[in-house]
J.: 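Can you keep this structure in mind? I'll have questions shortly.
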Amino acid sequence: SPSVSAAWFALMAQLPRSRGGAGAHLAWGAVVAFCAVCAPRPVSANTEGWDVAATVYSDQFCFERHSDLLLLEGACYSTGPYSNTSTAFKVKVVSYGNKGSVWVVDFQEFSDDCFTPLAGKESLNIGKCVGFIGRFRGTLQVKFRSDKCTGGPSSCSNLALGEQRFFSTRDCTGDPMTALRRFVPLQGECLVMRNQSSQNETRIVRQDFPGGNDKCNTLSEIVDYNIQEVCYPLFSSKTPRSFRWVAHRQTISAISGCQRVVLMRCAWLALFLAATSSFLDL
C-alpha cells in the first residue's frame, strides 16, 4: 500500500551510513524485520482469472433490477428463465482496458450445450446498459479472482470453482496434467451438460436432471453424485489415466482489513526502530 511504501522509504532515509555501532545494528535489524515480517506471502496463482458480474434488468433502460449473476469465462450456462429461444450462453473477456482502451466482454447464445451458436458474438462494453440474455438487458463488470486482489468486493471475485484434474497415473497421484484441467462454477448454477452443480464447505455435488431437461427444473427424480476427491479411472493404455475434482474459493483481498493494519503497524514499528538507532549513535 502507499502508506507502507512511504514508511519503507522513511526507514531507509533513517539508516546510518556506517554499519558499525549499536544504532547501526538496530537499524539494519529493523530492515530485516520489515522485509521478513511485512512482505506479503507468495500465493498460488493456479485459479486466478477474470469473472463477469452481470446485473440483469427487465426493462430497456436498466432500471428494473431482475437478478445478479457472477459468471465464469467459458462455462456453458443455461439461459433458464431468461429465454425460450436459446438453450445456453457463454461469456469471455476479450479486451482488458490496456492503455486506456475499454473493457469488452463477448457474449453468445447457443441452441445446445454451447456448440451451435444461434447468432454471432456480441461484444459488450462494461458499465453500459446493453442487450443481454434473451429479451433482458444488463450491465456488466469484470472482477479479478485471486488471493492477491486487494480492491474489495466491488472489484474482486470470490466465485467458487470446481477444478477437474487429470493424471497420467491410475490412482490420481503425481502432478496433474495442467494442459487438460478445466473449471466449472460451484454456486448452484444450471449448466447445460445435463447437470447442476452446487457446493458447501466440504463437498461438490453433481445433480443430474433426466429426460433431456436443459433448465434444471424437471419434476423427475434428481440424482446426486458426491464427486469431490474421488479418483475416477479413465484410459488404461494412454494418458490421462485418471481424474478427480477439487473445490476452490478465493478470499477477497488477502492484503486488506486486519492484514493491512498489521502491515501498517509493522512499517511504523520499523520506522521507530530506525529513529531509535539514530539516537543511540549520537
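Just so you know, these numbers use all the heavy atoms, side chains as well, and skip hydrogens, waters and symmetry mates.
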J.: Supply the atom-to-atom distance E163 CD to H248 NE2, rounded to the nearest 0.5 angstrom.
T.: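 Those atoms lie 4.0 Å apart.
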J.: Do E109 and S83 come close enough that some side-chain heavy atom pair is under 4.5 Å?
T.: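 With C-beta onward as the side chain, the pair touches.
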J.: Kindly write out the residues that satisfy side-chain contact (heavy atoms from CB on, under 4.5 Å) with S95, not counting sequence neighbours, or none if the list is empty.
T.: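 So S95 forms a side-chain contact (heavy atoms from CB on, under 4.5 Å) with S101, V104.
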J.: Within this structure, what is the CE-OG distance for the pair M177 and S242, rounded to the nearest 0.5 Å?
T.: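 Between atom CE of M177 and atom OG of S242 there are 9.5 Å.
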J.: Does anything in residues 83-103 form a salt bridge (charged side-chain N to carboxylate O under 4.0 Å, His left out)? List the pairs, not counting sequence neighbours.
T.: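 Salt bridge (charged side-chain N to carboxylate O under 4.0 Å, His left out) check on residues 83-103 returns no pairs.
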J.: Can you pull out every side chain to side chain donor-acceptor pair (under 3.5 Å) where at least one residue sits in residues 119-142? Sequence neighbours excluded, please.
T.: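 Output for this query lists D106-S123.
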J.: Any idea which heavy atoms bring P185 and A75 closest together, and the distance?
T.: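 Reported closest heavy-atom pair: CD-CB, 3.9 Å.
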J.: Checking F107 now: which residues fulfil ring-ring contact (aromatic ring centres under 6.0 Å, His included) with it, not counting sequence neighbours?
T.: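 F107 satisfies ring-ring contact (aromatic ring centres under 6.0 Å, His included) with F89, F132 once adjacent residues are dropped.
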J.: Enumerate the residue pairs fulfilling disulfide (SG to SG under 2.5 Å) with a member in residues 65-97, sequence neighbours excluded, ordered by first and then second residue.
T.: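 Listed by first then second residue: C76-C114.
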J.: Looking at residues at least two apart in the chain, or sitting in another chain, which of them share a side-chain contact (heavy atoms from CB on, under 4.5 Å) with T116?
T.: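 Partners of T116 by the side-chain contact (heavy atoms from CB on, under 4.5 Å) criterion, ordered by chain and then number, come out as S111, D112.
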J.: With a 4.5 Å heavy-atom cut-off, do L69 and I133 have their side chains touching?
T.: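 Result yes, sub-4.5 Å side-chain heavy-atom pair found.
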J.: Should V102 and L140 be counted in the same cluster of Ile, Leu, Val, Met, Phe, Trp and Tyr side chains packed under 4.5 Å apart?
T.: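 The answer is no; the residues belong to distinct hydrophobic clusters.
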J.: Is S157 reaching over with its side chain to a backbone N or O of D51, donor-acceptor style, under 3.5 angstrom?
T.: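 No; zero donor-acceptor contacts below 3.5 Å.
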J.: Which pair of non-hydrogen atoms, one from L234 and one from R170, has the smallest distance, and what is that distance?
T.: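 Shortest heavy-atom contact: O-NH1, 3.6 Å.
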J.: Hey, what do you get for CG (L180) to CD (Q164), rounding to the nearest 0.5 Å?
T.: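 With rounding to 0.5 Å, CG (L180) is 9.5 Å from CD (Q164).
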J.: Is there a path of hydrophobic side-chain contacts, each under 4.5 Å between heavy atoms, that joins L124 and Y96?
T.: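 Linked within one cluster.
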J.: Under the rule for side-chain contact (heavy atoms from CB on, under 4.5 Å), what residues qualify as partners of P117, not counting sequence neighbours?
T.: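 If we apply the side-chain contact (heavy atoms from CB on, under 4.5 Å) test to P117, skipping adjacent residues, the hits are Q108, F110.
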J.: Please find the pair of heavy atoms, one from L72 and one from R145, that lie closest to each other, and give the distance.
T.: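 Shortest heavy-atom contact: CD1-NH2, 3.3 Å.
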J.: Show me the pairs that pass side chain to side chain donor-acceptor pair (under 3.5 Å) and involve residues 57-74, at least two apart or across chains.
T.: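 Pairs touching residues 57-74 that pass the test: T55-D68, S58-E64, R65-D68, S67-Y82.
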J.: Please give me the minimum heavy-atom distance between L191 and Y77, naming the atom from each residue.
T.: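 Where L191 meets Y77 most closely, the heavy atoms are CD2-CD2, 3.8 Å.
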J.: Might you point out which heavy atoms bring R241 and T169 nearest each other, and give the distance in Å?
T.: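 Looks like CB-O, 3.4 Å.
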J.: Sequence neighbours left out, what passes side-chain contact (heavy atoms from CB on, under 4.5 Å) with V142? Give chain and number order.
T.: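 Partners of V142 by the side-chain contact (heavy atoms from CB on, under 4.5 Å) criterion, ordered by chain and then number, come out as W50, V93, W103, V105, I126.
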J.: Give, for atom OG1 of T173 and atom CZ of R244, the distance between the pair rounded to the nearest 0.5 Å.
T.: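 Reported value, rounded in 0.5 Å steps: 9.5 Å.
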J.: What are the two closest non-hydrogen atoms of S155 and G151, and how far apart are they?
T.: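 Closest approach of S155 to G151, heavy atoms only: OG-CA, 3.2 Å.
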J.: Enumerate the residue pairs fulfilling ring-ring contact (aromatic ring centres under 6.0 Å, His included) with a member in residues 145-172, sequence neighbours excluded, ordered by first and then second residue.
T.: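 Counting only pairs at least two positions apart or across chains, the ring-ring contact (aromatic ring centres under 6.0 Å, His included) contacts touching residues 145-172 are F166-F243.
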J.: Honestly curious: do Y232 and F235 fall in one hydrophobic cluster under the side-chain, below-4.5 Å linking rule?
T.: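 Cluster IDs for Y232 and F235 match.
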